[in-house]
Amino acid sequence: MLKVTNTLTGKKETFEPLTSGHIQMYVCGPTVYDDIHIGNARSAVNFDTIRKYLIYSGFSVKYVMNITDIDDKIIKKAIDEKKDFHEIADTYTQAYLEVMKKLGVQPPDVQPKATDSIPEMIELITGLVDSGHAYVSGGDVLYDSKSFKTYGKLSGKNLEELIEGIRVEKNDTKKNPTDFVLWKTAKPGEPSWDSPWGKGRPGWHIECSAMVRKHLGDSIDIHGGGVDLIFPHHENEIAQCEAFTQKPYVKYWLHNGFIEISGQKMSKSLGNIWKTKDALADFRPEVLRYFFLSAHYRSGLNYDRPILESADRGWKDFHQTFKMADDKIEGPDGVEQMDLLELRLGIDDLEEKFKEAMDDDFNTPKALAVLFDFARLIRQVTSQRERPTPGAKDLLGEAIERLKIFGGILGIVQKEKPVIPTKIDEWSKEREDLKKTNNYEAADQKRNQIIASGYLLADSKMGTSAIFPYEQIRFKQDEDKYLNYGWVIPSGLPNQNSYLFTENGIQNIDEMKINLDTNASTWLKDKGFLD
RNA sequence: GGCGGCAUACCCAAGUGGUUAAGGGAGCGGUCUGCAAAACCGCGAUUCGGCGGUUCAAAUCCGCCUGCCGCCUCCA
């Protein structure tokens, strides 16, 4: 039985959709005025995972996530860069979609743009004006927050106290300080649309309300977003929609916590924004997802390079399970009996344990622990010396399939297997032969040759060599210059050492890791690799 | 000032009344190994910010204190 923490009630509740078996779900998407930061990415991954789990649980889910393509910040940027606001919005929409794709976020069923829903917004605003919930003042249309009796119910705020706390601005046209803009009169040169109140553009809160109604209906099951949206954004959405429709707007409000940098929120004013595309340049998307999901979605999550690196190492170990099992399955058959009881039991328990974790308000850290335990069971079998019988191979294959299913819901399983060039394969076999004749010097040379080509060998107990591709690592020289000068084993592969490949040969250097974030060129010069 | 959240080992992080306090990283010891790496096995909080209280029983409930953070203004 699925339970979710509902911001509206502040409690963990049993989840029952309005229509049995079907879920209407809306999540506030990005405002496309810049590259998205990792906080946006975390939110997207959290709700993507929630959506995938709901589908796995047997619900049919209609998932809508908007793109806010008209907004003060977009207009400001357009003016600053002397471009049309559409151009700014399009550029960052494309960048956003690209990052989502890399992160393995399944595209929403509908991804509406605010500017495509202007008529629906006008319809809503008109209704609110007609029913006395909104008024025209100074050319703007404002929502009368005092007209909505339960204003503040989501954020737990008291309207009177709110009003007292807000200092009254001069020339304010609002009846109450808590009133908010539904429709803004256009200033000269700003993008605008025709409306009953003259040329103008929508306020921020109205767009989500309009898109929810347009694509999902008056009452929906789940509405998600970051904690910062609780007030005023979601509070205002409730006020608008419920005043208009006289129906409950959202049954379950889900809010994810912030990414923190050194214990503080990430914000423009603090200047501590991490762009997702920069994180993706250094870490695999699966590692980023593992990192995001390693804390509960409602909690804050501290982001720091060393923490990401430890997530990276953890994920590699986990992911190596697939490679190890594949090698065992594809290897020769054996006749000896392997110890498989634990694995059999593990397979039988996996689904129940995973569901138990996820049913508890999408407890992904617990779910990850379940998968890591299971992966260890698989590795225990694959690390046994015996060759597997065909029956043991079947069981291993079954275990891997299960791990892929549940790992897939969390999005931490790499989709495609790395391809090894035949040349590298041949060199590996040649090295095997050299080893067999105790020609170790030549064998090591062959190994270096393979490493220099960007691949690593790993000998197993069965005497065969597994081969893994490296990825080039980028040593930060300064803020935006990178120096390509070595290789490190990519995520998913079993070796964390860095190797430096130069004309002087291949160096296995642990210090390289320590120096990743320091001035690498100085270090390379000290070691004589650079002039 | 109002509202809300957090404090668990060296680091990240689950656990919210009752078996040995998950999992990951780092560390240490061992097995394996031509070397190296990987893998596997084992070890690691008598204790959950502090002080009281409730209870047969609390990291988990209540009170107070301390520290940190978020929202109340754009923000995932």
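Here is how names work: the chains are called A, B, and so on, in the same order as the sequence lines, proteins then strands, and each is numbered from 1.
With B/A76, B/G70, B/G2 as the choices, the nucleotide that has an atom nearest any side-chain atom of A/E161 turns out to be B/G2. When each of B/A22, B/C12, B/A26 is scored by its nearest atom to the side-chain atoms of A/A369, the top-ranked nucleotide is B/A22.
Note on ring orientation: taking the six-membered ring where Trp is involved, the planes of A/Y252 and A/F15 are tilted (angle from 30° to 60°). Relative ring orientation between A/W253 and A/H255 is described as parallel, the plane-to-plane angle staying below 30° on a 0-90° scale split at 30° and 60°.
The OG1 atom of A/T178 sits 4.5 Å away from the CG atom of A/L159 when rounded to the nearest 0.5 Å.
Residue contacts shown for A/R379 are limited to sugar-phosphate atoms, with no base heavy atom under 4.0 Å away.
The base of B/G25 is not paired with the side chain of A/D312 by any donor and acceptor separated by under 3.5 Å.
Judged by centroid separation below 5.5 Å and plane tilt below 30°, A/Y440 stacks onto the base of B/G34.
Not one side-chain nitrogen or oxygen of A/Q320 sits closer than 4.0 Å to the OP1 or OP2 atom of B/A38. Taking 4.0 angstrom as the limit, A/R298 places none of its side-chain polar atoms (N or O) nearer than this to OP1 or OP2 of B/G4. Proximity of A/S383 to the phosphate of B/U31: no side-chain N or O atom is located under 4.0 Å from OP1 or OP2.
Just one of A/Y290, A/W315, A/F406 meets the ring pair (Phe, Tyr, Trp, His ring centres under 6.0 Å) condition when paired with A/F372; it is A/Y290.
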Under 3.5 Å, N/O pairs linking protein and nucleotides 15-21 of chain B:
unit_1, atom_1, unit_2, atom_2, d
B/G15, OP1, A/N363, ND2, 3.0

